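Everything below concerns the one structure shown next.
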Amino acid sequence: MSISRVEEDFIAGGVEMNVRDDGRGRLEERHLSVQTGFMENCYGSSRVKIGQTEVMCCVNAEIAQTDNKQGKISVNVNCTPGSVSTSNMNSFGTRMALKSFTGILAHRTRCILNTEQQPDSDRFAEIPATTKEAASQQTRKQGIDLRTLYIRDDKCWGLYCDVTVLANDGNCLTATTIAVRSALLSTRLPKVIIHEDIEGDEGIEISGNSEDAHEIPGARENLPICVTVAKLGSHLIVDPTLSEESFPLATYHIGVTPNLSICSITTSLSSGANNPSMHTKPADVCNIIEMAGGIARTMFSSIDEQLKDDEE
């Protein structure tokens with residue numbers, strides 16, 4: 001999405017006065033709504049709205065092969081037509097833009113949720129060298145312990161999170177991580193029964209009794225969400241809209257766990273964000289991390305309350 005110079009001046013002026021184009025202050029988030037368990041024929045599902053940004057996730061599961069006594073979680077992202085701005089592009093350009101958007105979104109979601117036990121190089125992707133040390137000192141790895149999805153021998157649970165971006169009005173990564181986390185929390189895995197046949201060979205049977213199904217171990221306590229903080233000019237803003245993301249920004253995506261530990265930080269500079277005033281110093285990173293913890297506390301409280309209502 002491109003904006004005119006007049007729109008840039010309007011957005012920058014509003015941020016300077018602490019009144020953004022949708023009426024929020026610089027450090028206010030948009031309304032967050034979460035719905036789970038509404039889709040049939042899948043193990044877990046969620047629908048998340050942050051303002052006008054809307055993301056849906058469904059989780060399917062199967063018995064998979066493993067060679068390291070760990071389970072598997074994959075995240076795949078797709079977009080509905082019109083959810084990503086592709087104006088002034090031909091059909092090839094549109095396809096490439098969608099592929100780039102969904103690929104980056106899926107990769108960053110996996111890094112924050114640590115669904116594939118990401119290395120530190122991914123947890124601090126694109127962090128400038130001058131601020132990486134400050135970031136790494138305040139973070140620790142988190143996410144589902146994939147060993148809890150191991151069954152026995154070479155068998156494990158494979159969980160497949162299919163995300164669909166229904167509408168994008170900015171901060172899509174935060175919405176996606178909340179959608180994946182909520183869908184995984186609503187997932188119930190059936191009991192696996194190990195039995196022997198008359199020849200002594202072991203076999204696996206999945207219980208059809210829904211009362212035997214259980215939550216994914218450790219998901220509720222360990223799965224993080226993303227908090228997005230951006231530097232627009234000399235000011236920090238949270239939960240940027242699509243029009244604000246079109247402005248030259250330095251954007252930080254901070255993974256925060258339910259116990260408010262920081263597990264990952266990635267950053268990106270949009271086109272034109274070369275102004276020295278937008279460069280973030282190590283001390284600024286510490287302030288952003290502290291800010292993210294406070295924002296996450298409010299978000300987790302809202303999410304947990306809405307999930308509790310769905311479960312009842």
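Numbering starts at 1 and runs along the sequence shown. Worth saying up front: this structure is predicted, and the values here are computed from it rather than measured.
Inter-residue side-chain proximity for Val238 and Glu28 is flagged as unmet; no heavy-atom pair is nearer than 4.5 Å. Residues Asn259 and Glu221 are not in side-chain contact: their nearest non-hydrogen atoms beyond the backbone lie 4.5 Å or more apart. In this structure, Leu232 and Ile11 have side chains that are in contact, with non-hydrogen atoms separated by less than 4.5 Å. Side-chain contact check for Cys58 versus Tyr43: every heavy-atom pair is 4.5 Å or farther apart.
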For side chain to side chain contact (heavy atoms under 4.5 Å, CB included), just list the numbers for Asn171 and Arg30, CA-CA rounded to whole Å, side-chain angles, deciding distance to a tenth of an Å, and then say yes or no. CA-CA 10 Å; Asn171 202 8; Arg30 289 171 291 180; 3.7 Å; yes
Report the C-alpha separation of Arg5 and Asp9 in whole Å, then their side-chain angles, then the decisive distance to 0.1 Å, and conclude whether the salt bridge (Lys or Arg N to Asp or Glu O under 4.0 Å) test is met. CA-CA 6 Å; Arg5 181 60 184 271; Asp9 291 342; 3.5 Å; yes
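Distance check, rounded to the nearest 0.5 Å: CD1 of Ile63 to NZ of Lys155 gives 9.0 Å.
In terms of modelled atom types and a separation under 3.5 Å, the side chain of Thr228 and the main chain of His253 share no donor-acceptor contact.
Side-chain contact, Asp145 with Thr148: no donor N or O sits under 3.5 Å from an acceptor N or O. Residues Asp21 and Ser243 have side chains that bring a donor and an acceptor to within less than 3.5 angstrom of each other.
For the side chain to side chain contact (heavy atoms under 4.5 Å, CB included) test, residues two or more places apart in sequence or in another chain that qualify with Glu54 are Arg47, Lys49, Leu166, Ala167.
Under the 4.0 Å criterion applied to side-chain N and carboxylate O atoms, Lys69 and Asp154 are not assigned as salt-bridge partners. A salt bridge links Asp239 with Arg24; the closest basic N to acidic carboxylate O contact falls under 4.0 Å.
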